[in-house]
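Taking it in order: structure first as structure tokens, then the write-up.
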2 protein chains.
Amino acid sequence: MYTRPRSYHHGDLRAALLTRAEETLREKGPAALSLRELARDLGVSHAAPSRHFKDKQALLDALALTGFDRLATALKASQEGLGESFAERLDAMVRAYVGFALGNAVLLDLMYSIKHDPEASEALVAATERWSDLLVELIVEGQRRGELRAGTTESVGVPIFATLHGYANLAATGMLPPDTDERALDDVIAFILRGAAPE
Amino acid sequence: MYTRPRSYHHGDLRAALLTRAEETLREKGPAALSLRELARDLGVSHAAPSRHFKDKQALLDALALTGFDRLATALKASQEGLGESFAERLDAMVRAYVGFALGNAVLLDLMYSIKHDPEASEALVAATERWSDLLVELIVEGQRRGELRAGTTESVGVPIFATLHGYANLAATGMLPPDTDERALDDVIAFILRGAAPE
DNA sequence: ACCTGAACACCGTTCAAGT
DNA sequence: ACCTGAACACCGTTCAAGT
């Protein structure tokens, strides 16, 4: 029978801290995340984490960073093996984003609330851009194909992103009417293209 | 020269705690909010707040509640003295919501993140419904006037609310491109009605 | 390099006791 | 009723010291 060695974290305490921190976040919420408890869980002294993260905020930043990376990966994956139809690609991207939000509600909250902080790290800004580029590509391509109206990428993209993000956020925080189901997501996707006016 | 009496909080410590807590939230962020510091600022013992809020979460809940109340008031005010045009009313409501979000970014975050907690108080749920009713009214009226497409209130309202909330949230957390200005809000409002498809 | 153990200045919460 | 003061079990952070 294999027993994971007591020295599990040797050379990898940093990664172990991040993994455990995310579990705690998911299971017990952000308020319950304590460096000391993390250290206890991993069997190291309470001062050990400071070797890898200068303070608690640094750990949270790193956690947000992994979140943005995984979000980018998920969004990219959603576009693979698809036809060129913009409607189809948008549908896949929206579902991927909402899926990530539902599966990582607290982490997503953390990812976005970190920006409240004026001194967000460069790495974090870069990670944000990496995935928002995916949305930009989608929009430019949609315009090229004539499936999206003309206009600057920003003027077309910001409303789409707002809708996407808003729905994901509402769903993840449980603010939608309780009987909201799959159909609501279909409504949102259709809305992005044709709006709420009649016809 | 008037000197505020030392006994400022007598009979009103509860309100004083909420007021001061919101100031702290606004000025120093949610992480810096401590019951003990609040008590110090108001010149009472650190145990005094527990007379009015059973724990820290209760104070945060109460704070969120005042937030929802003020949001409802602001949204209601935005509809006063307007014509019957749905487009006009929507415009005013969106601007009011976004204005509130920008002016109360951290509080809004608090208001929505509290719902993560499964045991949100009845009062909080009621406050949420009070303002979301305003949006429902607007939508029903828009449909009656033929300015909004047919469909259940939910299927039409959820996408609109998602867009509204998403834009406000992005703007408040500084996630929009730095050069985003007033025009972006106009784009969002136009988008709600006509979508992103051509024509 | 990486970690420990003790120390410091903070927390939130509880509870007897005061007025 | 409302508040105090002490106590308890936690924090995050720092720093000399160990291997």
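Note: hydrogens, waters and symmetry copies are ignored here, and every other heavy atom, side chains too, is used. Residue numbers begin at 1 in each chain, while the letters A, B, ... track the order of the sequences.
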Task: Footprint string (nucleotides 12-19 of chain D, 5' to 3'): B base within contact, S backbone only, - free, heavy atoms under 4.0 Å - done: BBBB----
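Under the 4.0 Å criterion applied to side-chain N and carboxylate O atoms, B/Asp187 and B/Arg183 are not assigned as salt-bridge partners.
Contact annotation: B/Arg40 reaches the phosphate of C/dC11 (side-chain N/O to OP1 or OP2, under 4.0 Å).
Rounded to an integer number of Å, the gap from B/Phe53 CZ to D/dC3 P is 12 Å. For A/Leu42 and C/dC3, the CG to P distance is 11 Å, given to the nearest whole Å. Across the protein-nucleic acid pair, A/Asp12 atom CG and C/dC3 atom P stand 10 Å apart, rounded to whole Å.
By the ring pair (Phe, Tyr, Trp, His ring centres under 6.0 Å) test, A/Phe161 is found to be paired with A/Trp131, A/His165, residues two or more places apart in sequence or in another chain being considered. Under the rule for a salt bridge (charged side-chain N to carboxylate O under 4.0 Å, His left out), B/Arg194 has no partner lying at least two apart in sequence or in another chain. Scored by the side-chain contact (heavy atoms from CB on, under 4.5 Å) test, A/Ala74 finds no partners at all (sequence neighbours excluded). Remark: B/Arg144 pairs with B/Glu141 by the salt bridge (charged side-chain N to carboxylate O under 4.0 Å, His left out) rule, at least two apart or across chains. Taking B/Glu22 as the reference, B/Arg26, B/Leu63, B/Arg70, B/Asn104, B/Leu107 meet the side-chain contact (heavy atoms from CB on, under 4.5 Å) condition, with sequence neighbours excluded. Residues passing the salt bridge (charged side-chain N to carboxylate O under 4.0 Å, His left out) test with B/Arg20, sequence neighbours excluded: B/Glu23, B/Asp41. Evaluation of the salt bridge (charged side-chain N to carboxylate O under 4.0 Å, His left out) rule for A/Asp133 yields no partner, not counting sequence neighbours.
Pairs of Watson-Crick or G-U wobble type, with distances under 3.5 Å, assemble into runs of 3 or more in DNA chain D at these ranges: C:4-8 with D:12-16, C:12-16 with D:4-8.
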